[in-house]
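Heavy-atom basis, side chains included; hydrogens, waters and symmetry copies ignored. A note on names: the letters A, B, ... follow the listed sequences, proteins ahead of strands, and every chain is numbered from 1. Note that the structure is a prediction, hence the values are computed from the model and not measured.
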Protein chains: 2
Amino acid sequence: MQKRVTLTDVARAVGVNPSTVSRALNEETVNQVSQSTVRRVRKVAKGLGYTPNTVARGLRTNRTMTLGVILPDLTNPIFPPMVRGIDSYLAPRGYSSLVVNTDGSDATERTLFQSLMERQVDGLIVATGHSNHQLMHDAHERGVHAVMVNRDANGVPFPTVIGDDSQGVFASVAHLHELGHKRLVHLAGPAGFSTSRIRREAFEAACNSFGLQGRVVDTVAYSIEAGQAAMDSILDGQATAQFTAVVAGNDLLALGTYHSLRMHGLRCPDDVSVVGFNDMLFANDFQPPLTTVRSPHFEMGVESARLLLNEIAGTQPGGARVILPVSLIVRGSTGAVRAS
Amino acid sequence: MQKRVTLTDVARAVGVNPSTVSRALNEETVNQVSQSTVRRVRKVAKGLGYTPNTVARGLRTNRTMTLGVILPDLTNPIFPPMVRGIDSYLAPRGYSSLVVNTDGSDATERTLFQSLMERQVDGLIVATGHSNHQLMHDAHERGVHAVMVNRDANGVPFPTVIGDDSQGVFASVAHLHELGHKRLVHLAGPAGFSTSRIRREAFEAACNSFGLQGRVVDTVAYSIEAGQAAMDSILDGQATAQFTAVVAGNDLLALGTYHSLRMHGLRCPDDVSVVGFNDMLFANDFQPPLTTVRSPHFEMGVESARLLLNEIAGTQPGGARVILPVSLIVRGSTGAVRAS
DNA sequence: CAAGGCGACGCAATCGATTGCGGTAAGAAG
DNA sequence: CTTCTTACCGCAATCGATTGCGTCGCCTTG
């Protein structure tokens, strides 16, 4: 690289002390410098193509204007919108984010956490569904700023952003109830994820409140394969389907359900209605288009970034808990139950 | 945050000079320190929970161990795998990456480029399909290290990683030819993208070489909507389809084609065969499962990261050009042409 | 026994910016 | 005309680590 233009270079060119240049270029301190020098400095700085060295500044101020984002896997389609939401809030405020993937491993999460700390990030956004409680508590002890997103913060002393999953599941069940469905199946997400528990409990509560028969089947992962496997096990186990609708723990499980139904010669929604959760990318492009609950992932990103910056600024109450509304998107995968 | 443990703290605890601690903890210089001291230092450092301050190190060494990744939009499903590929190569080598989105705007690309420079990134991976030639040339002038990925580097003086698009399109056309198709349509990507041009030219060449009738229709974007619109315009314009197969510029355009066909009461592959490009996420989950060319996005990420690190190390020939092989994935969207 | 060599470590400068404190000059107040 | 503000700016320390150079003691060698 060419040798960069430094503050000192500008100072020399203008004929003032570097500290004056620094003050002239900083909004906070510009009033400590006469207007005429400010003008001269600005002019020369632009002329020389001066760009501040964020690293040097970070060393002195102890703020890197960089945040860490910890998530399980970027290729899971719910995360890109979230990351973009985070960035959309951060970028105009001069912050950048370092995104890392844990792949669900506690060990790599620990490593990455450490690595982010070494990089002196100003704060953390943690979106790992089931996270290392111990790690988060240690972080809190050490005074690290963080917010949790998309996971229940039971006992974790950081602000939290989640979608209103209960409401979403309730709306799904209500929708199926209106369509005349009486016997439902819930494909529950894997144990250990707070979303799994919340959605499952909401399903059971909703079935009770509508007087419906609700069966819960566990899956081993939030994936297409796990959804297909779980559905296969149901359909293989009995001659005729003992249910008319499936409430999937998320859209991937719903997709797995599609595959399984197709394999068993069942049609959706004619034989079985399916409703997903998340409204991920392409939910409208599968066949049939998937009825699902829209989680506001972009907004969750925005909100978590906002909370984190407030945390850092010290204007955040602490155990804040932001619950974002969700909405049922009715498409083609749900229909009235057939007269039998 | 708690006050962090610094090198000086460790030095004081051990009873040596900070420089000795620095050398003892650095692989390059550890042989300048006696083994016994190294052991003591390591022990105390671990005991105190010392973590090096990357910012301070970066200021002194002028290397931040951070790279910038510039891409159009992370929510485009081809990018997450690429980013993960980049990270998988970088992380074990102590590098992190800062990912930014241009949304196709030259102005924001320029701003983001500037912002990455201020952050002292050690190099850039540029994955914007149609990129600012001027910007890249300026960057090269200034001695910035960079590699281009997924775009043709015509005249850009940086190493480049691309998939073998021509080969992929050729394989697609060959496949359709074998199935008996004689009249093909190519939904070409928008002008300005090198991939659009390359795939279009490959399509025309392949049709010629197989003696097929190949028609090219332009689209305004690599999107579902643009694909659907282009296809609509074809199908609305003529009573009966004058073609039996569509070679889409990418999978999104292929998806748009699905929608259009469905709207016009045509079935795939019975009436029209469709082949996409990229093998993006869920290509196997659409109905019918999409026959497409698999672009090795993850490997492209890995390879670009590798090239960039070599660039930085100075062991890179300069105008290197890595072309990764692609492969045709035959699924359900292509079938033999019906006897008419 | 003396000179030279070398291993191990300390000293201090350095990276580029920020900031508390002190100083100077101009203007206001007496 | 003197004294006190106030505005503006410079000095120098500082952030935490790296690194060229110098030094000291010990061992080897003649």
For residues 10-25 of chain B, which side-chain N or O atoms pair as donor and acceptor with protein atoms under 3.5 Å away, sequence neighbours left out?
| residue | atom | partner | partner atom | Å |
| --- | --- | --- | --- | --- |
| B:Arg12 | NH2 | B:Asp9 | OD1 | 2.9 |
| B:Asn17 | OD1 | B:Ser19 | N | 2.9 |
| B:Asn17 | OD1 | B:Ser19 | OG | 2.8 |
| B:Ser19 | OG | B:Arg23 | NH2 | 3.4 |

Hey, what do you get for [atom1] ([X]) to [atom2] ([Y]), rounding to the nearest 0.5 Å?
X	Y	atom1	atom2	answer
A:Leu308	A:Leu90	CG	CG	7.5 Å
A:Thr75	B:Phe79	OG1	CZ	15.0 Å
B:Asn76	B:Met82	CG	CE	9.0 Å
B:Asn101	B:Ile70	CG	CD1	10.5 Å
A:Arg142	A:His137	CZ	NE2	15.0 Å

Can any side-chain N or O of B:Thr102 pair as donor or acceptor with the backbone N or O of B:Val100 at less than 3.5 Å? no
N/O donor-acceptor pair under 3.5 Å between A:Arg4 side chain and A:Thr51 backbone: yes
What integer distance in Å separates A:Asn17:CG from C:dG20:C1'? 14 Å
Listed in order of residue number, which residues of residues 43-68 of chain B have a non-hydrogen atom at under 4.0 Å from DNA chain C? B:Leu59, B:Arg60
With a 4.0 Å heavy-atom cut-off, tell me which residues in residues 26-40 of chain A come close to DNA chain C, sorted by residue number. none
A:Asn62: what forms a side-chain hydrogen bond (donor to acceptor under 3.5 Å, both in side chains) with it, not counting sequence neighbours? none
Within the 3.5 Å criterion, strictly below it, is a donor on [X] or [Y] matched to an acceptor on the partner's side chain?
X	Y	answer
A:Ser97	A:Asp87	yes
A:Asp103	A:Ser105	no
A:Arg119	B:Ser96	yes

Under 4.0 angstrom, heavy atoms only, what part of the nucleic acid is A:Val21 near: base, sugar-phosphate, or nothing? nothing
Go ahead and write out DNA chain C as dot-bracket, 5' to 3': ( ) for pairs within the strand, [ ] for ones crossing earlier pairs, | when the partner sits on another strand, dots for unpaired; Watson-Crick or G-U wobble, both distances under 3.5 Å. ||||||||||||||||||||||||||||||
Going 5' to 3' along DNA chain D, between which two nucleotides do contacts with chain A fall, using a heavy-atom cut-off of 4.0 Å? D:dC8 to D:dG16
Any heavy-atom pair between the side chains of A:Leu67 and A:Leu309 that's under 4.5 Å? yes
